[in-house]
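Notes for the one structure printed next.
From a predicted model like this one, the values you see are computed outputs, not experimental measurements.
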Amino acid sequence: MHKKDKSGVDMEAAYREYAELVYRFLYSHTHDADWSQELMQETFLRAVDSIARYDGSCKLSVWICQIAKHLLWQDLRRRKRVDFAELPEELPDASGANGEASVIRGERTQELYRAIHLLPELEREVVLYRMTGELSFRQIGEILGKSENWSRTVFYRAKQKIRKELEKYEL
């Protein structure tokens, strides 16, 4: 049985439909599965508590992601983190390989993330949503209140900047 409140929104159905999107959105910022899961759960609790304020002026998924972003900022301030989009200095090598190839792969990955971190905030968000959150251009546009084409264009331009930055590291 699905419960609908006065707004007519079925939050159980909304959870089933948008939980994965919200999780990926949060993971693109935190790079931490447990933290993202915790924030995603809190997001839906807040959404249920404040659904009466949802006025339908944006898509429900966008409204829920706005709640998630607000909770993330609150949590980061509480944890005294300075930059929520800051990337880790070292990333684990998922391949399990060792030796020189693994070291080179690790260095290239670090260079890539450093180049992403140098992007302006909006471009960095689009790139991270796409790469680590695996969000579609349509989803990115909706979350940021822009069009799918806008997010595609920003991603393309950011990629060009990243390539240019990575050329500095080439021997």
Side-chain angles (χ1 to χ4, degrees), residues 11-51 58-98 101-146 151-152 154-155 158-159 161-163 165-166 169:
M11 286 305 294
E12 289 177 33
Y15 180 83
R16 283 191 305 279
E17 186 171 349
Y18 301 123
E20 181 66 24
L21 170 69
V22 172
Y23 172 82
R24 290 184 310 188
F25 170 79
L26 290 163
Y27 187 80
S28 71
H29 288 295
T30 66
H31 305 285
D32 181 304
D34 293 334
W35 187 15
S36 298
Q37 183 69 28
E38 181 182 317
L39 286 170
M40 189 261 303
Q41 295 296 330
E42 179 65 23
T43 296
F44 279 94
L45 288 174
R46 292 273 177 96
V48 167
D49 290 344
S50 59
I51 192 65
C58 64
K59 289 188 172 188
L60 183 60
S61 59
V62 173
W63 183 74
I64 294 171
C65 283
Q66 288 169 344
I67 293 171
K69 190 169 189 176
H70 178 74
L71 286 171
L72 176 61
W73 286 344
Q74 282 182 325
D75 206 26
L76 287 170
R77 278 193 297 272
R78 189 170 47 249
R79 293 173 183 228
K80 296 184 187 323
R81 287 189 131 158
V82 177
D83 183 2
F84 78 90
E86 190 169 338
L87 298 161
E89 284 298 312
E90 294 185 42
L91 299 172
D93 180 19
S95 70
N98 357 351
S102 177
V103 170
I104 291 170
R105 237 185 338 273
E107 288 173 359
R108 287 185 181 150
T109 300
Q110 286 181 8
E111 291 164 2
L112 171 65
Y113 276 90
R114 282 189 189 111
I116 291 170
H117 185 67
L118 293 173
L119 294 170
E121 182 180 351
L122 202 53
E123 290 178 2
R124 183 174 54 233
E125 280 191 65
V126 170
V127 169
L128 290 173
Y129 291 159
R130 183 74 178 161
M131 291 176 60
T132 61
E134 298 178 4
L135 300 178
S136 71
F137 290 117
R138 180 186 54 75
Q139 291 170 322
I140 294 167
E142 287 175 357
I143 289 167
L144 296 174
K146 306 286 186 179
S151 58
R152 222 179 265 285
V154 169
F155 183 77
K159 247 181 18 179
K161 289 179 182 178
I162 291 167
R163 280 191 183 120
E165 184 65 26
L166 290 177
Y169 296 105

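- Between the side chains of Tyr23 and Gln41, not a single donor N or O lies within less than 3.5 Å of an accepting N or O.
- Residues Arg130 and Lys159 have side chains not in contact (no heavy-atom distance under 4.5 Å, counting atoms from C-beta outward).
- Of all heavy-atom pairs spanning Ala14 and Leu60, the tightest one is CB-CD2, 3.7 Å.
- How far CG of Leu128 is from CD of Glu121: 10.5 Å, rounded to the nearest 0.5 Å.
- Here the rule is side chain to side chain contact (heavy atoms under 4.5 Å, CB included) with Glu125, and of Val154, Leu144, Ile140 only Leu144 fits it.
- Atom CD1 of Ile51 sits about 7.5 Å away from atom CD1 of Ile67, to the nearest 0.5 Å.
- With contacts defined as side-chain heavy-atom distances shorter than 4.5 Å, the pair Leu135/Ile143 qualifies.
- Taking all atoms of both residues into account, the shortest heavy-atom contact from Met11 to Ala47 is CE-CB, 3.6 Å.
- Between Gln37 and Tyr27, every side-chain heavy-atom pair lies at or beyond the 4.5 Å cut-off.
- Looking at every heavy atom in both residues, Ile162 comes nearest to Leu119 through CD1-CD1, 3.9 Å.
- The CG atom of Leu72 sits 12.5 Å away from the CD atom of Glu42 when rounded to the nearest 0.5 Å.
- Using cut-offs of 30° and 60° on the angle between ring planes, the pair Phe44 and Tyr15 is perpendicular.
- Within the 3.5 Å criterion, the main-chain N or O of His117 finds a donor-acceptor partner in the side chain of Arg124.
- When each of Gln139, His29, Arg24 is checked for a side-chain hydrogen bond (donor to acceptor under 3.5 Å, both in side chains) with Tyr129, only His29 meets the rule.
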Working for side-chain contact (heavy atoms from CB on, under 4.5 Å), residues Trp63 and Ser50: CA-CA 11 Å; Trp63 183 74; Ser50 59; 3.8 Å; yes
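- A salt bridge does not link Lys161 with Glu165: every distance from a Lys NZ or Arg NE/NH1/NH2 to an Asp or Glu carboxylate oxygen is 4.0 Å or more.
- Summarising the geometry, atom CZ belonging to Phe25 is positioned 8.5 Å from atom OG1 belonging to Thr43; distances are rounded to the nearest 0.5 Å.
- Remark: Thr30 OG1 to Asp75 CG distance equals 10.0 Å, nearest 0.5 Å.
- One distance of note links CG of Leu71 with CG of Leu39; it measures 6.5 Å at 0.5 Å rounding.
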